[in-house]
Amino acid sequence: MNPLALTIFLLSLAIGTTITLSSYHWLLAWVGLEINTLAIIPLMTKIPHPRAIEAATKYFLTQAAASALLLFSSLINAWQTGEWNIDSISHLPMNALSIALMMKLGLAPLHFWMPEVLQGISLSTGLILSTWQKIAPMTLLLQTSHLINLDLTIILGLTSILVGGWGGIGQTQLRKIMAFSSIGHLGWMIVVLKFNPSLTLFNFIFYVIMTASMFFSLMTISATKMSEISVSWSKTPTLTTSTLLILLSLAGLPPLTGFAPKLLISLELVKQNATLLAALIMLASLLALFFYLRLTYVVSLTLPPNSPNSLSSWRTSTKTLPITAIVNTLALILLPITPTLLIFL
């Protein structure tokens, strides 16, 4: 892609998110979301392949439907209350608006576009879709968390954790696995949204760090299928080891970074007398744990025949190595400084 065009699209992504983050008016928030959607579509189609075109079309249609629902519900609210402020919204439009934002995030049962879109695009665009594109809708949900329907968040959150686990079990494509992983993590965030929004924000920050580190690792070793990461051990042992640990961190195993959000959310739910809900989401997360462990098994304990046990040349991208090292470190060792981070939130 032309560097000038790429710069314009990336700047548009940044501007769209900034507009939504700084808006106090539903129309401005909607404009920011639309700029975000339109800016990523050319990035999706930079490789002229039928799968990429299909992914971009599916993404555009679902995001357009969610944006239309968001605009419609904010119009209904303006008609009822006479105000466009994000804080002042009545209950009926709030339910529709929450569903629109959750559709933009890719929460189950509004998740069907997410695995298909992520599978059809490159890893670099998939990284943007899984992290940056979630910031604006998640911020709007956090701003309206005191008005959101508790039953809706619990049902959609629990469904997302179950779907994220079930969907990822039978996959061999790494991008689809990351899509279902994203759905499962967003489920944890939405479950606790009404009880403690700052904990949702904390979980979201950790999710972005861990997902970014996983995508950067996959980009560095140029792997998109399970069979490709199974042969990476003999070529790049150091990077493969960190990828293995990031998978365990995404699974939420101690003493890695991913354990902190799951622990704190479980404690918060118990504190709010929702012990049954805490037990259900922890049991549902065992499904996701299975496919993360299966991936770590493929990475570390299987060795294909005729692979040389030497550090021979490999398709590694040296461009992403410095940033991969930084985000990988963050994705593995943030657990000890969790109390410090919580003070700032």
Side-chain angles (χ1 to χ4, degrees), residues 8-21 23 25-47 50-76 86 93-122 124-144 152 156 160 163-164 167 175-176 178-180 182-183 185-187 189-190 204 207-208 211 215:
I8 290 168
F9 296 139
L10 291 175
L11 276 174
S12 300
L13 279 172
I15 289 164
T17 305
T18 309
I19 288 171
T20 305
L21 261 62
S23 62
H25 192 287
W26 276 116
L27 206 56
L28 267 178
W30 173 78
V31 166
L33 290 168
E34 284 301 292
I35 292 170
N36 248 1
T37 302
L38 294 173
I40 199 172
I41 288 171
L43 297 176
M44 288 178 168
T45 54
K46 66 182 177 183
I47 301 167
R51 285 300 298 269
I53 307 297
E54 181 190 339
T57 308
K58 284 177 179 174
Y59 181 75
F60 175 73
L61 290 173
T62 50
Q63 297 297 306
S67 293
L69 184 56
L70 188 142
L71 191 59
F72 175 70
S73 51
S74 53
L75 274 168
I76 295 288
I86 285 176
M94 186 62 220
N95 288 338
L97 202 137
S98 304
I99 290 167
L101 291 172
M102 288 170 184
M103 188 175 178
K104 279 191 167 291
L105 285 169
L107 280 157
L110 309 164
H111 69 285
F112 293 101
W113 61 272
M114 180 80 179
E116 296 298 323
V117 169
L118 210 57
Q119 178 58 28
I121 58 181
S122 64
S124 54
T125 315
L127 167 68
I128 297 169
L129 181 64
S130 300
T131 55
W132 187 263
Q133 291 295 91
K134 309 280 187 198
I135 294 172
M138 183 57 79
T139 306
L140 290 173
L141 276 177
L142 286 166
Q143 283 179 285
T144 55
L152 182 70
L156 264 72
S160 297
V163 166
R175 283 169 291 187
K176 277 193 176 180
M178 289 308 295
F180 284 111
S182 173
I183 292 163
H185 278 91
L186 287 166
M189 294 175 221
I190 297 302
F204 183 67
Y207 157 78
V208 167
T211 305
F215 269 102

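It should be emphasised that the depicted structure is a prediction, and the values quoted were computed from it without experimental measurement. For the single chain, residues carry numbers from 1 onward in sequence order.
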Subject >> Pairwise distance CG(Leu107) to CE(Met189) - rounded to 0.5 angstrom >> reply: 9.0 Å
Original post:
Step by step, would you call Phe9 with Ile40 a side-chain contact (heavy atoms from CB on, under 4.5 Å)?
Top reply: CA-CA 7 Å; Phe9 296 139; Ile40 199 172; over 6 Å; no
Subject >> Closest approach of Trp132 to Ala14 (non-hydrogen atoms, all atoms of both residues) >> reply: CZ2-CA, 3.8 Å
Subject >> Step-by-step side-chain contact (heavy atoms from CB on, under 4.5 Å) determination, Met102 to Ile190 >> reply: CA-CA 9 Å; Met102 288 170 184; Ile190 297 302; 4.0 Å; yes
Original post:
Between Ser23 and Ile86, what is the shortest heavy-atom contact and its length?
Top reply: O-CD1, 3.6 Å
Subject >> Side chain to side chain, Asn36 and Ile135, heavy atoms closer than 4.5 Å >> reply: no
Original post:
Does the side chain of Ser67 reach to within under 4.5 Å of the side chain of Lys104, using non-hydrogen atoms?
Top reply: yes
**OP:** Measure the spacing between OG1 of Thr57 and CD1 of Ile41 and express it to the nearest 0.5 Å.
**Re:** 8.5 Å
Subject >> Exercise: identify the closest heavy-atom pair between Ala136 and Leu33 >> reply: CB-CD2, 3.7 Å
Original post:
What heavy-atom pair brings Leu156 and Pro109 nearest, and what distance separates the two atoms?
Top reply: CG-CD, 4.2 Å
Original post:
Under 4.5 Å between any side-chain heavy atoms of Ile121 and Tyr59, yes or no?
Top reply: no
Original post:
Is there a donor-acceptor contact under 3.5 Å linking the side chains of Ser182 and Tyr207?
Top reply: yes
Original post:
Of the non-hydrogen atoms in Pro93 and Ser73, which two are nearest, and what is the gap between them?
Top reply: CB-O, 3.3 Å
**OP:** Using side chain to side chain contact (heavy atoms under 4.5 Å, CB included) as the criterion, point out the one residue from Thr211, Leu127, Ile183 that pairs with Met178.
**Re:** Thr211
Original post:
Is there a side-chain contact between Leu186 and Met138, using heavy atoms and a 4.5 Å cut-off?
Top reply: yes
**OP:** Report the distance from atom CG of Leu71 to atom CG of Leu97, rounding to the nearest 0.5 Å.
**Re:** 10.0 Å
**OP:** Show the numbers, then the answer: is there a side-chain contact (heavy atoms from CB on, under 4.5 Å) between Trp26 and Leu140?
**Re:** CA-CA 10 Å; Trp26 276 116; Leu140 290 173; 4.1 Å; yes
Original post:
Under the side chain to side chain donor-acceptor pair (under 3.5 Å) test, which residues partner Ser122, sequence neighbours left out?
Top reply: Ser124, Thr125
Original post:
Does a side-chain heavy-atom distance below 4.5 Å link Phe215 with Ser130?
Top reply: yes
**OP:** Taking all heavy atoms of Thr45 and all of Ala56, pick out the closest pair and write down the distance.
**Re:** CG2-CB, 3.5 Å
Original post:
Could you state the interatomic distance from CZ (Phe112) to NZ (Lys58), rounded to the nearest 0.5 Å?
Top reply: 12.0 Å
Subject >> Side chain proximity check, Leu129 to Met44, heavy atoms < 4.5 angstrom >> reply: yes
**OP:** Decide yes or no for Leu10 and Leu43: does some side-chain heavy atom of the first lie under 4.5 Å from some side-chain heavy atom of the second?
**Re:** yes
Subject >> Check: Gln133 and Leu13 side chains under 4.5 Å, non-hydrogen atoms >> reply: yes
Subject >> Nearest-0.5 Å distance, OG1 of residue Thr18 to CG of residue Leu11 >> reply: 10.0 Å
**OP:** Show the numbers, then the answer: is there a side-chain contact (heavy atoms from CB on, under 4.5 Å) between Leu105 and Leu141?
**Re:** CA-CA 10 Å; Leu105 285 169; Leu141 276 177; 3.5 Å; yes
Original post:
Atom CD1 of Ile47 and atom CD1 of Ile53: how far apart are they, to the nearest 0.5 Å?
Top reply: 10.5 Å
